Q: 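The structure is given below, and queries will be raised subsequently.
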There are 2 protein chains.
Amino acid sequence: MLREVARRGSFTAGGQALGFTQSAVSRQVSALEDELGTRLFDRLPRGVRLTEEGRAALVHAEAALERLDAARRDIAALRGLAAGRLRMGAFPTAETELVPRATAAFRTAHPAVSVGVTEGPTHELVGLLRTGEIDLAVITAHPDRVAELPPLALRHLLDDPILVAPPQRHPLAHRGVLGLGELAEETWIADGDTAEETLLSACLRKGFRPRIDYVAREWTAKQGFVAAGLAITLVPSLASSAVRPDIVLAALHPDDAPIRAVYTATAPGVAASASVEGFVPFLVEAAAAMRERAPGRPGT
Amino acid sequence: MLREVARRGSFTAGGQALGFTQSAVSRQVSALEDELGTRLFDRLPRGVRLTEEGRAALVHAEAALERLDAARRDIAALRGLAAGRLRMGAFPTAETELVPRATAAFRTAHPAVSVGVTEGPTHELVGLLRTGEIDLAVITAHPDRVAELPPLALRHLLDDPILVAPPQRHPLAHRGVLGLGELAEETWIADGDTAEETLLSACLRKGFRPRIDYVAREWTAKQGFVAAGLAITLVPSLASSAVRPDIVLAALHPDDAPIRAVYTATAPGVAASASVEGFVPFLVEAAAAMRERAPGRPGT
DNA sequence: GGTTGGCATGCGGGCCGCGCATATCTCCTC
DNA sequence: GAGGAGATATGCGCGGCCCGCATGCCAACC
């Protein structure tokens with residue numbers, strides 16, 4: 001009202017422009033003047049004119065209205081992916097290819113949305129989701145144990161079968177599909193020195209304790225030992241594209257190792273933001289592309 | 001509400017901090033969300049948390065509130081003369097001493113108020129007052145013709161009797177008080193070449209037409225002719241302090257020349273701003289000081 | 001499994017704010 | 001000089017908005 005009245009020079013005209021009567025405007029202005037303790041308009045015989053105080057009030061009022069408009073614009077930008085930020089988390093193997101591919105495609109499509117990725121194991125990501133520190137997580141879990149997770153909104157992306165990497169010269173290499181039992185006598189290299197901590201727990205369920213002579217957390221180191229023919233190791237299929245060309249991968253028999261599934265996860269009760277809604281399809285797309293490139297191995 | 005709820009993490013606590021119930025806050029937030037078309041808070045089991053959109057809205061809302069506070073501060077500053085501007089006008093002679101003295105004292109007392117002075121004859125100043133281009137004017141008028149002015153809020157400052165400046169060697173010099181009739185044979189220097197346009201119209205009312213041999217608008221030039229003994233001239237007492245020391249001034253007999261009065265004037269119906277209210281006392285003070293310094297000549 | 005803390009919502013009431021009508025004032029015109 | 005035009009201020013009455021109360025429901029905590 002302040003603005004319209006100031007622009008038009010009378011309560012009557014200002015009110016008309018806003019669909020109010022002169023009496024409503026008169027009272028509104030009066031009330032504002034009372035609240036501010038000063039006259040905002042000089043009442044002249046043919047209309048009104050801003051006082052010095054009125055000019056000051058008008059400047060600030062227009063600035064305030066502009067901020068409210070800016071809020072609307074900002075929110076529209078967020079919803080249209082013309083702005084915003086996506087904080088996501090992923091377990092390490094997912095960052096070999098799945099998450100980077102999806103992120104690259106998303107950034108090309110929506111360059112104004114900034115994307116941050118935190119690496120961590122699934123249980124940590126779940127905590128970050130629940131505290132609101134990340135908006136979206138790529139996690140992994142055995143399909144029949146999903147129920148053990150805290151309540152989350154999950155979406156299945158792909159399955160991640162475990163491959164085995166025997167040395168080139170190994171008699172079992174190039175067989176294509178191996179049973180885990182056939183590897184009971186092999187020497188292993190793994191993340192930890194007991195089978196329980198690693199993927200090798202599958203061996204325990206199969207009835208033997210693998211012999212772990214070498215321990216290395218770094219993937220590069222493991223590959224070195226494998227390529228030198230010193231040990232064999234297990235490789236999640238998600239990481240298969242990062243394996244050295246002189247290492248051959250073979251599938252494990254499906255019954256031998258429970259297949260881990262990969263999911264996107266968001267916190268329950270938290271409405272998915274536009275950036276989350278927008279990012280998930282790129283993860284789905286990247287997962288599909290990876291399945292196609294390695295036909296017959298990682299499957300849904 | 002947005003701010004309090006965001007700060008405290010729940011509708012209940014936010015409402016309590018503002019003296020509202022949880023239900024009122026819930027509805028307010030809901031209404032705002034509907035208007036903006038987006039969720040501002042995620043509803044969690046133990047409270048709420050801002051969404052990305054909510055954060056954007058909050059930033060702008062706080063900025064808008066800050067502008068409203070700034071408006072209050074600005075207005076308080078204007079009213080406390082800690083800010084603001086005063087546009088005034090004055091007729092030329094008033095700017096010899098009266099207005100400069102008042103302005104200097106005002107600026108010392110209220111350095112944050114900027115003062116602008118427009119010079120012009122009374123009738124122009126009246127126009128500027130009525131259009132709102134100046135807030136305060138120092139004008140002059142014959143006391144019995146004040147009623148002819150358009151309606152204004154006037155305040156009498158002082159009377160401005162007319163003095164005469166005869167040459168030093170003139171036989172009438174040093175007489176102290178002169179009658180206008182005694183000057184009928186003199187040679188004059190004035191602003192225009194006919195008596196009607198100038199202060200010399202007083203001579204016509206006295207029954208003689210003064211002989212104007214010299215015309216000069218600049219005061220310096222007039223004083224030069226007077227000091228050289230070539231002519232005499234009339235001097236408003238307001239300007240007497242700017243007269244060269246080698247020129248002697250004499251009062252005219254009160255009946256001979258109508259005494260002009262000096263007033264402050266503001267537009268009718270326009271509430272005097274704090275700066276106007278604040279400036280007028282300094283004009284009154286300056287006028288009093290000038291009366292004291294020239295005792296017996298300019299009077300109330 | 002009960003308790004607690006929190007949000008959503010139906011219901012009722014009070015107050016605010018608007019429109020209508022009118023009083024009043026100034027300017028303009030005849 | 002009188003009347004009309006155009007503007008604001010204000011009494012009056014009504015409708016709608018907004019709040020508080022009470023309740024329902026849900027998830028987390030003990």
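All of these numbers come straight from a predicted model, not from anything done at the bench.
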Q: Sub-3.5 Å donor-acceptor pair from the side chain of B/T103 to the main-chain atoms of B/V99, do we have one?
A: yes
Q: Do A/R27 and D/dG11 share a donor-acceptor pair, side chain to base, under 3.5 Å?
A: yes
Q: Using the side chain to side chain contact (heavy atoms under 4.5 Å, CB included) criterion, which residues pair with A/L204? Sequence neighbours excluded.
A: A/A195, A/E196, A/R209, A/P210
Q: Partners of B/R73 by side chain to side chain contact (heavy atoms under 4.5 Å, CB included), sequence neighbours excluded?
A: B/E66, B/D69, B/A70
Q: Go through the structure and list residues passing side chain to side chain contact (heavy atoms under 4.5 Å, CB included) with A/T118, not counting sequence neighbours.
A: A/L128, A/I134
Q: NA contact type, A/G15, heavy-atom cut-off 4.0 Å: base, sugar-phosphate, or nothing?
A: nothing
Q: Whole-Å distance between D/dT8 P and A/L40 CG?
A: 15 Å
Q: Mind calculating the distance between CZ (A/F41) and P (D/dA7) to the nearest angstrom?
A: 15 Å
Q: At under 4.0 Å between heavy atoms, which parts of nucleotides 23-30 of chain D does protein reach? Answer with one letter per nucleotide, 5' to 3': B base, S sugar-phosphate only, - none.
A: ----BB--
Q: Is there a donor-acceptor pair closer than 3.5 Å between any side-chain N or O of B/R49 and the backbone N or O of A/T131?
A: yes
Q: Measure from CD on A/Q16 to P on C/dC18 and round the result to the nearest Å.
A: 16 Å
Q: Which nucleotide sits closest to the side chain of A/R43: D/dA9, C/dG19, C/dC7?
A: D/dA9
Q: Roughly, in whole Å, what's the span from CZ in B/R8 to P in C/dC7?
A: 13 Å
Q: List in chain and number order the residues that pass side chain to side chain donor-acceptor pair (under 3.5 Å) with A/R155, two or more places apart in sequence or in another chain; answer none if no residue qualifies.
A: none
Q: Have a look at A/S23 and say if it touches a base, only the backbone sugar-phosphate, or nothing, with a 4.0 Å heavy-atom cut-off.
A: base
Q: When we call it a touch if two heavy atoms are under 4.0 Å apart, what does B/T12 touch: a base, just sugar-phosphate, or nothing?
A: sugar-phosphate
Q: Measure the distance from CG on A/L44 to P on C/dC28 and round it to the nearest whole Å.
A: 13 Å
Q: Counting the atoms with a prime plus P, OP1 and OP2 as sugar-phosphate, which does A/V25 contact under 4.0 Å by heavy atoms, base, sugar-phosphate, or nothing?
A: nothing
Q: Of B/S10 and A/F20, whose nearest nucleotide on DNA chain C comes first from the 5' end?
A: B/S10
Q: Name all pairs fulfilling the salt bridge (charged side-chain N to carboxylate O under 4.0 Å, His left out) condition that reach into residues 122-143 of chain B, sequence neighbours left out, sorted by first residue then second.
A: B/R87-B/D135
Q: Nearest-Å distance, CG (B/L32) to C1' (C/dA8)?
A: 17 Å
Q: Look at the side chain of B/V48 and decide which nucleotide, out of D/dA9, C/dC7, C/dG19, has an atom nearest to it.
A: C/dC7
Q: Once rounded to the nearest 0.5 Å, what's the spacing between atom CZ of A/R55 and atom CD1 of B/I75?
A: 12.0 Å
Q: Which listed nucleotide (C/dG19, C/dC7, C/dG17) is nearest to the side chain of A/Q28?
A: C/dG17
Q: How do A/G19 and B/A24 order along DNA chain C: which one's closest nucleotide is nearer the 5' end?
A: B/A24
Q: How long is the line joining CE of B/M1 and C1' of D/dC19, in whole Å?
A: 9 Å
Q: Rounded to whole angstroms, how far apart are CD on B/E33 and C1' on C/dC7?
A: 12 Å
